[in-house]
> 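This structure is in structure tokens; I'll ask about it shortly.
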Amino acid sequence: MELRQLSYFVTVAEELHFGRAAERLHIVQSAVSQQVRRLERELGADLFDRSPRHVRLTGAGERLLPEARTVLAAAERARAAVRGRSGLRLGTSTGLGAHLDRVLDRFAALAPDTPVELVSAATRDRLEQVADGRLDAAFVRSTAPGTGVRILPLWEDPLVAAVPAAHPLARAADVAVGELADLGLCITARRNNPALVDLVVGACHAAGFEPLPGPVSGSLQDTLATIGTGARPLWTVVYASHARVLHSPRVAFLPFRAPGLALPTGLAVHARTPPAELDLLLKACETPTTAPTSNDHEN
């Protein structure tokens, strides 16, 4: 049994799709299939139920998955021990803004001899890397931890609506979700940020409408530029403190009328072996100021 085979198995188990797993691993699909087949032959059991329409874990695959993650995490810790790494690898995403600056400043004061390496990745990848030991901890906006990971609550991040500056709504002090029903919603695909999409779409449903789909761009900057043209009435959501540092004269940022919309931010750590610096890191995260964070494009 090789670590490579376990890594491929875990990736396929998370994607439930050999093609997407190959894309994540940056290798061809045939190589992934071949290594998983070899692992199955060695173990004497099918790990996946394969059909033209779906890929699912078998009972044997479900039992192997947590053990495989544990082995991969132990292997990463062994590599780190040999390399003599004495720092903190912290997963993050763009847009944390003042939160991240504050945490890093406080952690540097509390643990001046512990360097911090920041690793930016999508939410799913951050959770995966915490589970297998490549990250010591990660900021996430997810209340559903992955296998082998626990999430410690930190703070709430309020959202604001971004609308064209020329739109009549832009002159208001705030906005109700229902007032956005006639505008197209620009929001990332749910697989990229399920917590955010569920919150926003759920708020639209609670207000009595199905959001009109708007164009989806690869970055917040592109989305705001599209909204700012005013060619079509569009809106999106941005975290409030992030909005305060953005310079988009053609876009207006409006707080949501009470009770508003907000997402919790948490710290993901390994369920069994949290980092030795966890207490200091949590202390550095205490008492947030305002709530700067990412947006719907920043997982």
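Just so you know, residue 1 is the first one in the sequence shown, and it goes up from there. Computed from heavy atoms alone, side chains included, the values below leave out hydrogens, waters and symmetry copies.
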> Under a 4.5 Å cut-off applied to non-hydrogen side-chain atoms, are Glu2 and Arg38 in contact?
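Of all side-chain heavy-atom pairs linking Arg38 with Glu2, none is under 4.5 Å.
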> Taking the side chain as every heavy atom from C-beta outward, state whether Leu196 and Leu159 have any atom pair closer than 4.5 Å.
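Leu196 reaches Leu159 side chain to side chain.
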> Quick one: are Leu43 and Met1 in side-chain contact, heavy atoms under 4.5 Å?
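Leu43 vs Met1: side chains touch.
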> For a quick test of reading the model, state the closest non-hydrogen atom pair linking Leu88 to Thr114 and the distance between them.
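The answer is N-CG2, 4.1 Å.
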> Does Leu135 offer a backbone N or O that forms a donor-acceptor pair with the side chain of Gln129 under 3.5 Å?
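Answer holds: no.
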> Does the Ser33 side chain pair with the main chain of Ser30, one donor and one acceptor, at a distance under 3.5 Å?
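Judged by distance alone, no pair lies under 3.5 Å.
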> For a side-chain contact (heavy atoms from CB on, under 4.5 Å) check, start with the C-alpha distance between Leu64 and Leu57, then their side-chain angles and the critical distance, and finish with the verdict.
CA-CA 10 Å; Leu64 177 62; Leu57 281 167; over 6 Å; no
> Grouping I, L, V, M, F, W and Y whenever their side-chain heavy atoms are under 4.5 Å apart, do Val269 and Leu280 come out in a common cluster?
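Both belong to a single hydrophobic cluster.
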> Check Ala45 against Ala60 and note the closest heavy-atom contact, atom names and distance.
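Answer, listing the atom of Ala45 first, then Ala60: CB-CB, 4.1 Å.
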> Which heavy atom in Val103 sits nearest to a heavy atom in Ala284, and how many Å separate them?
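Shortest heavy-atom contact: O-CB, 3.6 Å.
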> Do the side chains of Leu212 and Val197 join up, straight or via other hydrophobic residues, at under 4.5 Å, putting them in one cluster?
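No, Leu212 does not connect to Val197 through the hydrophobic network.
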> Taking all atoms of both residues into account, what is the closest heavy-atom pair of Leu47 and Glu40, and its distance?
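Shortest heavy-atom separation between Leu47 and Glu40 comes out as N-OE2, 2.7 Å.
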> NE2 of His270 to CZ of Arg150: how many Å apart, nearest 0.5 Å?
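Answer rounded to 0.5 Å: 11.0 Å.
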> So Trp155 and His99, would you call those rings parallel, tilted or perpendicular, with 30° and 60° as cut-offs?
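Answer is parallel, since the angle falls under 30°.
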> Is it true that a side-chain atom of Arg126 and a backbone atom of Phe139 form a donor plus acceptor pair closer than 3.5 Å?
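Here the side-chain-to-backbone pair exists.
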> Does the Thr92 side chain pair with the main chain of Leu118, one donor and one acceptor, at a distance under 3.5 Å?
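Judged by distance alone, no pair lies under 3.5 Å.
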> Using the side-chain contact (heavy atoms from CB on, under 4.5 Å) rule, take Glu15 and Glu23 through it: C-alpha gap first, then chi angles, then the decisive distance, then the call.
CA-CA 10 Å; Glu15 294 292 341; Glu23 290 176 5; over 6 Å; no
> Begin with the C-alpha distance, continue with both residues' side-chain angles, and end with the deciding distance and a verdict on side-chain contact (heavy atoms from CB on, under 4.5 Å) for Leu90 and Leu281.
CA-CA 10 Å; Leu90 183 61; Leu281 183 56; 4.2 Å; yes
> With rounding to the nearest 0.5 Å, note down the distance linking CG in Asp132 to CG in Leu6.
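Answer for the CG-CG pair, Asp132 versus Leu6, is 11.5 Å.
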> Can you find a heavy atom in the side chain of Leu234 that is under 4.5 Å from one in the side chain of Thr229?
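Side-chain contact under 4.5 Å: no.
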> What do the steps show when you test Arg4 against Ser7 for side-chain contact (heavy atoms from CB on, under 4.5 Å), and what is the final call?
CA-CA 5 Å; Arg4 176 180 57 173; Ser7 176; 5.6 Å; no
> For Ala131, does its backbone N or O pair with a side-chain atom of Arg69 as donor and acceptor, under 3.5 Å?
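Side chain of Arg69 to backbone of Ala131, a donor-acceptor pair under 3.5 Å: no, none is there.
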> Within the 4.5 Å heavy-atom criterion, are Phe107 and Glu277 side-chain neighbours or not?
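Yes; the side chains approach each other to less than 4.5 Å.
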> Do Leu72 and Leu3 have side chains that get closer than 4.5 Å, going by heavy atoms?
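Leu72 vs Leu3: side chains touch.
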> Working to the nearest 0.5 angstrom, can you tell me the gap between Thr188 OG1 and Leu220 CG?
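Reported value, rounded in 0.5 Å steps: 11.5 Å.
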> Can you see which heavy atom on Ala170 is nearest to which on Ala252, and at what distance?
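Shortest heavy-atom separation between Ala170 and Ala252 comes out as CB-CB, 3.6 Å.
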> Is there side-chain contact between Asp198 and Arg190, with heavy atoms separated by less than 4.5 Å?
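Answer yes - side chains close enough.
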> Under 4.5 Å between side-chain heavy atoms, counting indirect links through other Ile/Leu/Val/Met/Phe/Trp/Tyr residues: same cluster for Leu154 and Leu152 or not?
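Result: yes, single cluster for both.
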> What distance separates Trp235 CH2 from Leu254 CG, expressed to the nearest 0.5 Å?
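If we round to the nearest 0.5 Å, Trp235:CH2 and Leu254:CG are 11.0 Å apart.
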> By the salt bridge (Lys or Arg N to Asp or Glu O under 4.0 Å) test, which pairs, at least two apart or in different chains, include something from residues 245-261?
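Non-adjacent pairs meeting salt bridge (Lys or Arg N to Asp or Glu O under 4.0 Å): Asp174-Arg257, Glu179-Arg257.
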> Using only atom types and a distance under 3.5 Å, with no angle test, would you say the side chain of Arg106 pairs donor to acceptor with the backbone of Lys283?
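Looks like yes, one N/O pair under 3.5 Å.
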> Evaluate the side-chain proximity of Leu39 to Tyr8: yes if any heavy-atom separation is below 4.5 Å, no if none is.
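SC-SC contact between Tyr8 and Leu39 ruled out.
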> Are Phe209 and Leu261 connected in a single hydrophobic cluster, I mean Ile/Leu/Val/Met/Phe/Trp/Tyr linked by side-chain heavy atoms less than 4.5 Å apart?
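Yes, because Leu261 and Phe209 connect within a single hydrophobic cluster, where side-chain heavy atoms sit under 4.5 Å apart.
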> Measure the spacing between CG of Asp105 and CG of Leu100 and express it to the nearest 0.5 Å.
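Going from the CG atom of Asp105 to the CG atom of Leu100 covers 9.5 Å.
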> Hey, does the side chain of Asp136 reach the backbone of Arg89 with a donor-acceptor pair shorter than 3.5 angstrom?
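It does hold such a pair.
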> Testing the basics here: between Val238 and Ala243, what is the closest heavy-atom pair and its distance to 0.1 Å?
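Nearest pair, atom of Val238 first, then Ala243: CG1-N, 3.9 Å.
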> CG/Asp46 to CZ/Arg41 distance, rounded to the nearest 0.5 angstrom?
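The CZ atom of Arg41 is 11.0 Å from CG of Asp46, to the nearest 0.5 Å.
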> Could you see if Val71 belongs to whatever hydrophobic cluster contains Leu25? Use Ile, Leu, Val, Met, Phe, Trp, Tyr and a side-chain cutoff under 4.5 Å.
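Looking at the clustering, Leu25 is in the same group as Val71.
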